[in-house]
Amino acid sequence: YWGTELYPRIFGIDIKVFTNCRFGMTVWALLVCIHALKSFELYGFVDSMFVSAVLQLIYITKFFWWEGGYMSTIDIMVDRAGYYICWGCLVYVPTFYASVSMYLVQQPVHLGITWSSLILLTGILCIAVNYLADLQKQEVRGTGGKCLVWGKRPNIIRAKYQLENGKEKESILLASGWWGLARHFNYLAEIMLALCWTVPSLFVNIMPYSYVIFLTFLLIHRSYRDDDKCGDKYGSFWVEYCQMVPHRIVPLLF
Ligand SMILES: NC(=O)C1=CN([C@@H]2O[C@H](COP(=O)(O)OP(=O)(O)OC[C@H]3O[C@@H](n4cnc5c(N)ncnc54)[C@H](OP(=O)(O)O)[C@@H]3O)[C@@H](O)[C@H]2O)C=CC1
Ligand SMILES: CC(C)=CCC[C@@H](C)[C@H]1CC[C@H]2C3=CC=C4C[C@@H](O)CC[C@]4(C)[C@H]3CC[C@]12C
């Protein structure tokens, strides 16, 4: 179920790049377009479908833009290519992640220009925060901490860790900017964004909210998994970071 190989290749093709990045994300985007086209064919322009589809498509485009950063996440560095990842990315992501659009084909909602614009702008803001947080970490590490974070010198911990062969290495833990608000503020933006592309379906049925609910559980669980992973890797340096940034996802709350 969890797999054995970390980076399997078939005929030179990296299986995890294919499943996690290319197939799942592309079919998700295609299904959003297919549902939006069907809705247009049935009812003409529907603002709720437009807002939801545009947010999902911007998010997927952002994913491809940032794909290099995804290569250093738990999915690629820790999870092996087993049933969990393969079924998850080949079947679960395209179908379940696009389920709000599928729902809106059956249940069109007219939001009006004010609500549509408000939801669209909030969603775009969430995508920007999620992207900027991921980028900030990459930039600080890429420059060895010699950059500005929100206009100031970053607060960093130079964390030492050991490789399996005993060699000592160093990495940077950022404790300011987005990474000073909470240890995974990027997850909060991710959940708020999913809410933005779901809320156009209003509150008649719980079905379209399945993805937001799933994502909330997934990311809370992931924040614990990441704490374990980083605690094992960085030891006392991670404890120091947790003392500086005590909250996991929501500043002052959780
Ligand atoms: N829609 C979905 O289904 C999901 C979307 N996502 C999104 O994917 C993106 C990547 O998420 P994910 O990989 O889970 O997690 P993060 O982007 O939060 O990365 C966690 C890793 O970053 C490093 N790190 C942790 N804290 C710091 C710090 N303060 N400074 C520098 N480096 C740090 C550690 O790795 P290292 O070993 O390098 O130190 C840690 O394992 C996010 O935008 C997330 O929202 C994630 C899961 C599901
Ligand atoms: C129980 C079950 C079916 C779990 C799903 C497992 C996987 C399919 C998902 C676990 C983590 C997910 C992802 C992580 C990070 C991502 C970056 C984001 O910008 C786009 C989505 C994704 C690639 C996402 C894809 C599904 C998972 C691998």
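Order of appearance sets the numbers: ligands from 1, and atoms from 1 within every ligand. Reckoned from all heavy atoms, side chains included, excluding hydrogens, waters and symmetry mates.
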Lys/Arg N to Asp/Glu carboxylate O, [X] vs [Y], below 4.0 Å:
| X | Y | answer |
| --- | --- | --- |
| Glu67 | Lys62 | no |
| Asp226 | Arg248 | no |
| Glu170 | Lys160 | yes |
| Asp228 | Lys233 | no |
| Asp79 | Arg225 | yes |

Worksheet entry | Heavy-atom check, side chain of Leu104 versus side chain of His35, under 4.5 Å | no

Worksheet item: Do Trp150 and Gln136 come close enough that some side-chain heavy atom pair is under 4.5 Å?
Response: yes

Please identify which atoms of ligand 1 are closer than 4.0 Å to at least one heavy atom of [X].
| X | value |
| --- | --- |
| Asp134 | 9 (C), 17 (O), 42 (C), 43 (O) |
| Leu215 | 1 (N), 2 (C), 3 (O) |
| Leu219 | 46 (C), 47 (C), 48 (C) |
| Leu218 | 3 (O), 48 (C) |
| Trp66 | 9 (C), 10 (C) |
| Tyr234 | 36 (P), 37 (O), 39 (O) |
| Tyr241 | 29 (N) |
| Thr73 | 10 (C), 13 (O) |

Heteroatom distance test ([X], ligand 1): nitrogen or oxygen, under 3.5 angstrom:
| X | result |
| --- | --- |
| Trp238 | no |
| Asp226 | yes |
| Lys62 | no |

Closest to [atom] (judged by heavy-atom distance), picking from [options]:
| atom | options | result |
| --- | --- | --- |
| atom 27 (C) of ligand 1 | Trp178, Tyr70, Trp179, Phe63 | Trp179 |
| atom 46 (C) of ligand 1 | Arg141, Lys233, Arg222 | Arg222 |
| atom 22 (O) of ligand 1 | Gln136, His184, Lys137 | Lys137 |

In the protein, which heavy atom is nearest to [atom], and how far is it?
| atom | value |
| --- | --- |
| atom 15 (O) of ligand 1 | Tyr187 OH, 3.3 Å |
| atom 35 (O) of ligand 1 | Lys229 NZ, 3.2 Å |
| atom 17 (O) of ligand 1 | Asn186 ND2, 3.2 Å |
| atom 3 (O) of ligand 1 | Tyr97 OH, 2.7 Å |
| atom 1 (N) of ligand 1 | Glu190 OE2, 2.9 Å |

Worksheet item: Can you tell me how far the OH atom of Tyr70 sits from the CE atom of Met77, to the nearest 0.5 Å?
Response: 12.5 Å

Have a look at ligand 1 and work out which part of [X], if any, has a heavy atom under 4.0 Å from it: side chain, backbone, both or neither.
| X | value |
| --- | --- |
| Ile172 | backbone |
| Cys230 | side chain |
| Leu174 | both |
| Phe96 | neither |

Item to complete: Write down the atom of Ile172, the atom of Gly145, and the distance for their closest heavy-atom approach.
Response: CD1-N, 3.6 Å

Worksheet item: Between the side chain of Arg80 and the main-chain N/O of Leu6, is any donor-acceptor distance below 3.5 Å?
Response: no

Item to complete: Could you verify whether a donor N or O on one side chain and an acceptor N or O on the other, from Asn130 and Asn186, lie under 3.5 Å apart?
Response: no

Worksheet item: Do Trp238 and Asp232 meet the criterion of a side-chain donor-acceptor pair at a distance under 3.5 Å?
Response: no

Fill in: Worked verdict on Arg222 versus Asp75 for salt bridge (charged side-chain N to carboxylate O under 4.0 Å, His left out)
CA-CA 11 Å; Arg222 206 170 159 102; Asp75 306 331; 2.9 Å; yes

Measure and list all N/O to N/O distances between ligand 2 and the protein that fall under 3.5 angstrom.
from: ligand 2; atom 1: 19 (O); to: Tyr59; atom 2: OH; distance (Å): 2.7

Looking at ligand 1, is there an atom of it that comes within less than 4.0 Å of some heavy atom belonging to [X]?
| X | result |
| --- | --- |
| Tyr131 | no |
| Phe214 | no |
| Tyr59 | yes |
| Ser72 | no |

Item to complete: Measure the acute angle between the ring planes of Tyr97 and Trp28, then classify it against the limits of 30° and 60° as parallel, tilted or perpendicular.
Response: perpendicular

Practice prompt. Determine the interplanar angle of the Tyr92 and Phe214 rings, folded into 0 to 90°, and report it as parallel if under 30°, tilted if 30 to 60°, perpendicular if over 60°.
Written response: perpendicular

Practice prompt. In sequence, state the C-alpha distance, the side-chain angles, and the governing distance for Ser201 and Gln107, and then conclude on side chain to side chain donor-acceptor pair (under 3.5 Å).
Written response: CA-CA 8 Å; Ser201 65; Gln107 310 288 334; over 6 Å; no

Discussion item. Show, in sequence, the C-alpha distance, side-chain angles and deciding distance for Tyr131 and Trp65, and conclude whether the side chain to side chain donor-acceptor pair (under 3.5 Å) test is met.
Written reply: CA-CA 10 Å; Tyr131 174 68; Trp65 186 262; 3.0 Å; yes

Worksheet entry | Near-ring test Trp179/Tyr241, centroid separation under 6.0 angstrom | no

Response to the item:
The single option from Glu240, Arg141, Met244 that satisfies side-chain contact (heavy atoms from CB on, under 4.5 Å) with Leu173 is Arg141

